[in-house]
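Numbering of ligands and ligand atoms starts at 1, following listing order.
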Amino acid sequence: MDSKLALPVGTTLDRFIMRKEKDFPYATGELSQLLRDIALASKIVNREINRAGLLDIAGAYGNQNVQGEEQQKLDVIANIRFIRAFRNGGEVCTIISEEDEDIIQTGNPHGKYIVAMDPLDGSSNIDVNVSIGTIFSIYRRKTSQGCDGDLTDCLQRGVEQVAAGYVIYGSSTMLVYTTGNGVNGFTYEPSLGEYFLSHPDIKTPKTGKTYSINEGSYNSFPQGIKDYVEYCKSNEYSARYIGSLVADFHRNLLKGGVYIYPSTLKAPNGKLRLMYECNSLAFIIEQAGGKATDGVNRIMELEPTSLHQRCPLVIGSPEMVDKVTEMLKKSEAALVQA
Ligand SMILES: O=P(O)(O)OC[C@H]1O[C@](O)(COP(=O)(O)O)[C@@H](O)[C@@H]1O
Ligand SMILES: [Mg+2]
Ligand SMILES: [Mg+2]
């Protein structure tokens, strides 16, 4: 946390954003307002999620999204709520969403920012009351204001992010984000309708004893990943896999651990999307002292070529990510020699 501005636990998100803005003499308040818009939309989505079982908003929506996945009603509701918040807020000109094939123009040509988002992460867990989330990345547009953003604005590398974060809708609802000056977590108090600083200056442990991977696809993992899973077992690490990226990531961020979604025969480029899952969490983990790679390269330096491109993900405590990279390299070298 910036030494000149250590704010106490219990500070409201609004006050935190306002005070942090003072760290940036040239700040114009637009990014602050955009963070508030995200917080507002997340409160509405949180309310819908909490009541999902009661209202007719559980289950499938009856459409497939651009990924070929069955859309859940809450995927669509969350998508609508965030798009509406960005439209009404006025700071965003263009949106990339997991639920929309093409970029969405908000009608705010003077908006300075591009948002890439996964409105509802962990869709397979929606109806079974398991933690789910929302993931977002914020970029400054490259093209001049006054017109709609275009692909050059949208396809920026992770290192260009001005902010990123996620909301986890779990036993409590939390917003965790970075603007490149450390990572802070805020817990939502529904009866007051406010987010309060609960996890200041989050740092992830250098290593841990938890690994998160869907071993159901073990047989088609790259050899290096198989070797790493065996290494974890031989060292009696704990296997934890919720099946919601945000939830698995959040646990490992706080307690130490590594989450791996490798390339498999079924998904040669992995399953997770670079622009609104991998880049966002990579920015967070790096700001918290951890690492994120595709097994070889730093996620944040990957050059995006399409809106919904996928990439393998190895993310978490730095020493554990390094171990995975080391084992992948070794198995590759063994293959070459064979
Ligand atoms: O069922 P699998 O193949 O293990 O995939 C689970 C992963 O897929 C995801 O559900 C993909 O995200 P969406 O739910 O946003 O599509 C991640 O949250 C999760 O980590
Ligand atoms: Mg997702
Ligand atoms: Mg999703």
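Checked against a 3.5 angstrom limit, the closest N/O atoms of Y261 and ligand 1 fall inside it. Here's the thing with Y241: one of its N/O atoms is less than 3.5 angstrom from an N/O atom of ligand 1. Residue-to-ligand polar distances place K271 within reach of ligand 1: an N/O pair is separated by less than 3.5 Å. No N or O atom of L272 sits closer than 3.5 Å to an N or O atom of ligand 1. Considering backbone and side-chain N/O of L120, one or more are found under 3.5 Å from N/O of ligand 1.
In the model, N125 has a side-chain atom that pairs as donor or acceptor with a side-chain atom of S244 under 3.5 Å. Residues N46 and T173 bring a donor and an acceptor atom of their side chains to less than 3.5 Å of each other. Judged purely by distance below 3.5 Å, without hydrogens or angles, the side chains of T94 and D153 never pair a donor atom with an acceptor atom.
Between Y241 and Y259, the ring planes are parallel. Angles under 30° get that label, and only those over 60° would be called perpendicular. Taking the six-membered ring for Trp and thresholds of 30 and 60 degrees, F186 and Y177 have nearly parallel ring planes, at less than 30 degrees apart.
To the nearest 0.5 angstrom, L313 atom CG is 10.0 Å from N279 atom CG.
Applying the side chain to side chain contact (heavy atoms under 4.5 Å, CB included) test between Q105 and each of V92, I95, D150, D148 identifies D148 as the sole match.
K323 has no carboxylate O lying under 4.0 Å from a charged side-chain N of E319, or vice versa, which leaves the two without a salt bridge. With respect to R36 and D14, a salt bridge is recorded, a charged nitrogen being found less than 4.0 Å from a carboxylate O. By the 4.0 Å N-to-carboxylate-O rule, K233 lies too far from E236 to be salt-bridged with it.
The ligand atoms of ligand 1 that sit less than 4.0 angstrom from a heavy atom of S123 are 14 (O).
For atom 20 (O) of ligand 1, the closest heavy atom belonging to the protein is Y259 OH, 2.9 Å. The protein heavy-atom contact nearest to atom 19 (C) of ligand 1 is G243 O, 3.2 Å.
The shortest non-hydrogen separation linking S331 to Q223 is CB-CB, 4.0 Å. Scanning both residues, R81 and R84, for their nearest heavy atoms gives NH1-NH1, 3.2 Å.
The part of D118 lying near ligand 1 is the side chain, judged by heavy-atom distances below 4.0 Å. Contacts with ligand 1 closer than 4.0 Å are made by backbone heavy atoms (N, CA, C, O) of S244 only, the side chain lying farther away. For R273, every heavy-atom contact with ligand 1 shorter than 4.0 Å involves the side chain, none the backbone. Under 4.0 angstrom from ligand 1, the non-hydrogen atoms of N214 all belong to its side chain. With a 4.0 Å heavy-atom cut-off, ligand 1 is reached by the side chain of E69 but not by its N, CA, C or O.
Residue contacts with ligand 1 include G122, since one or more of its heavy atoms lies under 4.0 Å from the ligand. Heavy atoms of E277 come nearer than 4.0 angstrom to ligand 1 in at least one pair.
Around the Mg ion (ligand 3), protein N, O or S atoms at less than 2.8 Å comprise E98 OE1, D118 OD1, L120 O.
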